[in-house]
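First up is the structure itself, then whatever we jot down about it.
Naming convention: chains lettered A, B, ... in sequence-line order (proteins, then strands); numbering from 1 in each chain. As the structure is a computational prediction, the values presented were derived from the model and not from experiment.
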Amino acid sequence: MNVLNLLQRKLQDALTGLVSDPAVYAAMLKPAQEARFGDYQANCAMPLKKELGGDARQIAQTIAARLQLEDMLEPPAIAGPGFINLTLRSEWLAQQVRHMAGDDRLGVAPVEKPRTFVIDFSSPNVAKPMHVGHLRSTIIGDALARLLRFLGHQVITDNHLGDWGTQFGMLLYGYKHFLDAQAFQSDPVRELARLYVHVRNQIKKTAGAQGDEEEDPNDPIAQAARAETAKLHAGDAENLRLWRAFMPYCYEEIERIYRRLDVHFDHTLGESFYQPMLADVVRELCQRGIAQESEGAVVVFFGAEESPALIQKRDGAYTYTTTDLATIRYRLQQWNPDAILYVVDFRQGLHFKQLFDIVRRWGYDKVELKHVSFGSVLGADRKPIKTREGGAIELGALLDEAVAQAARRYQQTRQERIERGEEVPELTAEELEQIYQAVGYGAVKYADLSQNRESDYVFNWDKMLSMEGNTATYMQYAYVRNRGIFRKGGIDVLALRQPPPPVILQTSEERTLALQFVRFHDALAAAAAELKPNLITGYLWDLAKTYSSFFQNCPVLKAETVELRQSRLLLCDLTARVIQRGLDLLGIRTVERM
RNA sequence: GUCCCCGUAGCUCAAUUGGAUAGAGCGUCGGCCUCCGGAGCCGAAGGUUACAGGUUCGAAUCCUGUCGGGGAUACCA
């Protein structure tokens with residue numbers, strides 16, 4: 001039940017025959033900002049003054065009178081300059097809650113017209129260990145995949161690994177000149193990471209004097225590294241052999257992280273996979289007159305002002321633009337998606353703008369291409385954390401710390417409960433590990449997902465591991481306490497759900513909770529439309545707070561009547577299920593105890 | 001130089017895309033454990049939404065300018 005949609009359709013019906021473009025004005029119906037303004041508000045009367053003339057409040061009256069209230073709505077109220085405030089009838093709300101309780105999907109029907117999405121996310125350079133900078137793409141992309149799938153879309157996830165670019169040239173150069181054989185023997189991944197950083201630093205030292213520090217392209221090491229890349233791309237036997245030797249280690253390292261994060265890909269087709277197709281892409285773009293030779297390279301121009309995009313460098317090596325073009329063609333041929341989403345750092349905005357432009361000129365104009373951009377992770381100094389500066393925190397270490405922190409917190413709480421005289425069950429080592437991981441990884445994911453992806457954010461170790469306030473832990477804890485009620489009361493939840501008991505909405509807490517339930521679908525729809533997981537966390541936070549308030553004021557097991565107790569148990573159960581489902585869509589697990 | 005993004009409470013962030021008195025968390029201060037788990041609840045203080053104009057019924061949001069920060073910009077990805 002998508003309540004917002006339903007109301008907008010009602011409003012549109014009321015506007016039809018009254019105004020020229022009912023759909024536009026119907027869309028101006030929103031959830032009310034404050035409870036005293038009702039549940040939803042229609043804001044279309046004021047702007048309609050232009051078309052209809054006269055007083056906005058009068059227009060609001062006219063529209064309100066045309067609304068089919070049926071059994072859904074109380075009589076509308078006109079307020080302020082001409083807001084139409086709508087309140088759902090509590091009986092209707094109660095019915096909806098019962099319906100949700102009897103539905104595995106919690107009232108969220110699959111979309112009528114499923115689309116096929118390819119989601120390109122995470123995509124780390126595998127030549128170096130993953131760090132906090134990779135977290136956003138990985139976690140946001142995974143959450144979007146889960147969300148779109150749940151809504152009924154077909155989703156294909158593809159990890160477009162950076163396994164063929166310049167960084168491998170640096171690695172090859174580093175391997176040949178600076179290798180610590182013993183270190184490579186004992187920890188190949190770490191040694192490869194060291195070589196990468198080392199080579200980059202070598203280049204930086206000789207960097208030019210023109211203002212900002214940049215890697216000097218004429219630096220001999222930079223040239224040598226580029227030459228290694230070019231040799232690799234040209235099929236040089238030695239470089240290919242080394243590349244093949246490196247890959248399993250690189251792969252193993254990132255897989256370890258993905259397993260911990262519970263992130264899985266349908267496909268992992270890295271840049272190297274497309275390497276055989278690149279020459280053909282360049283040839284085709286040249287033939288069609290889209291690309292041309294310039295200064296020894298092959299480029300695509302966009303206009304007099306804008307810099308061109310290189311698709312083949314002077315030394316013959318291809319660029320990531322070329323690879324991305326081949327990738328798009330492959331994906332279209334293979335999967336015929338309606339949309340391809342790129343969950344990538346905002347700094348690549350120009351790249352994607354140019355890339356999409358080329359794709360259109362190439363003739364692929366049906367597929368929707370979208371750069372789902374996100375802001376930088378900043379250091380405490382508000383400057384982007386950059387790997388080269390060595391300031392980045394490795395993802396593995398971050399996750400270790402998160403789990404350790406969760407364990408500390410669990411033990412501390414457990415001790416407090418014992419001192420309080422509560423009965424605390426003995427959990428097995430395995431159960432404890434499950435709790436530590438759910439809480440620890442949940443904290444890290446939630447800290448990232450709860451922020452609007454478009455804004456930068458300051459990386460803060462404590463905040464990311466925090467388990468108070470608007471965090472995954474708060475949500476998991478609300479769930480645990482909720483389940484505690486059922487344990488304590490010896491309630492069979494499955495029996496409670498079918499058929500669901502009548503729902504009684506007497507107190508304001510109960511009604512607010514019910515209203516929050518029926519907004520679940522709205523929240524998911526909004527999150528999917530904007531591709532913003534923080535709209536889900538925001539919803540869950542409101543739900544959990546509403547539930548806490550309900551929990552505080554409305555006794556459940558000790559409710560005055562059997563009917564009220566059954567009704568409140570159902571509200572509890574539904575809260576738990578919505579929280580669990582909501583967290584699941586974010587890739588965060590719930591536990592029964594913590 | 002050109003283009004893009006950003007500037008909101010002490011700190012970190014929201015604000016349903018132009019709606020009503022700009023909201024949360026953390027931190028600070030004050031309450032709540034004979035009551036379904038205190039990782040909690042209730043309350044208080046804290047704001048000229050960087051600044052100056054403009055657009056209209058209405059602006060944190062749109063337009064112009066200024067200041068400040070970040071990013072991109074032909075051979076990194």
Open item on the list: Regarding A:Met28, tell me which of base, sugar-phosphate or nothing describes its non-hydrogen contacts under 4.0 Å with the strands shown.
Closed with: nothing

Open item on the list: Please give the distance between the C1' atoms of B:U64 and B:A72 as a whole number of Å.
Closed with: 24 Å

Task: side-chain N/O A:Asn460 vs B:C13 OP1/OP2, d < 4.0 Å - done: no

Open item on the list: Any salt bridge linking A:Arg414 with A:Glu426? Criterion: basic side-chain nitrogen under 4.0 Å from a carboxylate oxygen.
Closed with: yes

Task: Sugar-phosphate only, base, or nothing, as touched by A:Ser307 at under 4.0 Å among non-hydrogen atoms - done: sugar-phosphate

Open item on the list: Side-chain N or O of A:Arg420 versus OP1/OP2 of B:G37: is the shortest distance under 4.0 Å?
Closed with: no

- [ ] Look at all strands and tell whether A:Ala526 reaches a base, only sugar-phosphate, or nothing, counting heavy atoms closer than 4.0 Å.
- [x] nothing

Task: Backbone of A:Thr321 reached by a side-chain donor or acceptor of A:Thr319 within 3.5 Å - done: yes

TODO: Remember a base hit wins even if backbone is also touched, and classify A:Val458 as base, sugar-phosphate or nothing at under 4.0 Å, heavy atoms.
DONE: sugar-phosphate

Task: Under-4.0 Å salt bridge between A:Arg57 and A:Asp55 - done: no

Open item on the list: Quick test of your reading of the model: are A:Glu468 and A:Lys463 salt-bridged, counting only N-O distances below 4.0 Å?
Closed with: no

- [ ] Only counting residues at least two apart or in another chain, list the ones meeting side-chain contact (heavy atoms from CB on, under 4.5 Å) with A:Ala523.
- [x] A:Tyr539

- [ ] For A:Leu310, answer base if it contacts any base atom (sugar-phosphate contacts may also be present), sugar-phosphate if it contacts only those atoms, and nothing otherwise; contact means non-hydrogen atoms under 4.0 Å.
- [x] base

Open item on the list: Once you apply a heavy-atom cut-off of 4.0 Å, does A:Phe486 come out as touching a base, just sugar-phosphate, or nothing?
Closed with: nothing

Open item on the list: What's the gap between B:C51 and B:A59 when it is taken at their C1' atoms, as a whole Å value?
Closed with: 16 Å

TODO: For B:A74, take OP1 and OP2 only and decide whether either is under 4.0 Å from a side-chain N or O of A:Thr319.
DONE: no

Task: Side-chain donor-acceptor contact under 3.5 Å, A:Ser137 with A:Tyr342 - done: no

Task: Closest nucleotide among B:A77, B:A14, B:A20 to the A:Lys313 side chain - done: B:A77

Task: Pair A:Asp163, A:Ser272: side-chain N/O donor-acceptor within cut-off below 3.5 Å - done: yes

Task: side-chain N/O A:Tyr474 vs B:C41 OP1/OP2, d < 4.0 Å - done: yes

Task: Phosphate contact (B:C57 OP1 or OP2) by A:Arg57 side-chain N/O below 4.0 Å - done: no

Task: Any A:Gln167 side-chain nitrogen or oxygen under 4.0 Å from OP1 or OP2 of B:A77 - done: no

- [ ] Find the runs of at least 3 consecutive base pairs, i with j, i+1 with j-1 and so on, that include RNA chain B, using Watson-Crick or G-U wobble geometry with both distances under 3.5 Å.
- [x] B:1-7 with B:67-73, B:10-13 with B:23-26, B:28-32 with B:40-44, B:50-54 with B:62-66

- [ ] Round to the nearest Å and state the distance from A:Glu468 atom CD to B:C13 atom P.
- [x] 19 Å

Open item on the list: Please give the distance between the P atoms of B:G65 and B:G1 as a whole number of Å.
Closed with: 15 Å

- [ ] Classify the nucleic acid contact of A:Ser548 as base, sugar-phosphate or nothing, counting any heavy atom under 4.0 Å across all strands shown.
- [x] sugar-phosphate

Task: Spacing of the C1' atoms in B:G19 and B:C29 (rounded, Å) - done: 35 Å

TODO: Could you tell me whether A:Arg565 contacts a base, only the sugar-phosphate backbone, or nothing, with contacts defined as non-hydrogen atoms closer than 4.0 Å?
DONE: nothing

TODO: Tell me which nucleotide among B:C76, B:A39, B:U73 gets nearest to the side chain of A:Glu416.
DONE: B:A39

- [ ] Answer yes or no: does a side-chain N or O of A:Tyr477 lie under 4.0 Å from OP1 or OP2 of B:A39?
- [x] yes

Task: Proximity to the side chain of A:Arg347 - top-ranked nucleotide from B:G71, B:G19, B:U12 - done: B:G71

- [ ] With heavy atoms under 4.0 Å as the rule, sort A:Asn452 into base, sugar-phosphate or nothing.
- [x] sugar-phosphate

Task: A:Arg519 NZ/CZ over A:Tyr40 ring centroid, <6.0 Å and within 45° of normal - done: yes

Task: Base orientation of B:C33, syn vs anti, 90° cut from 0 - done: syn

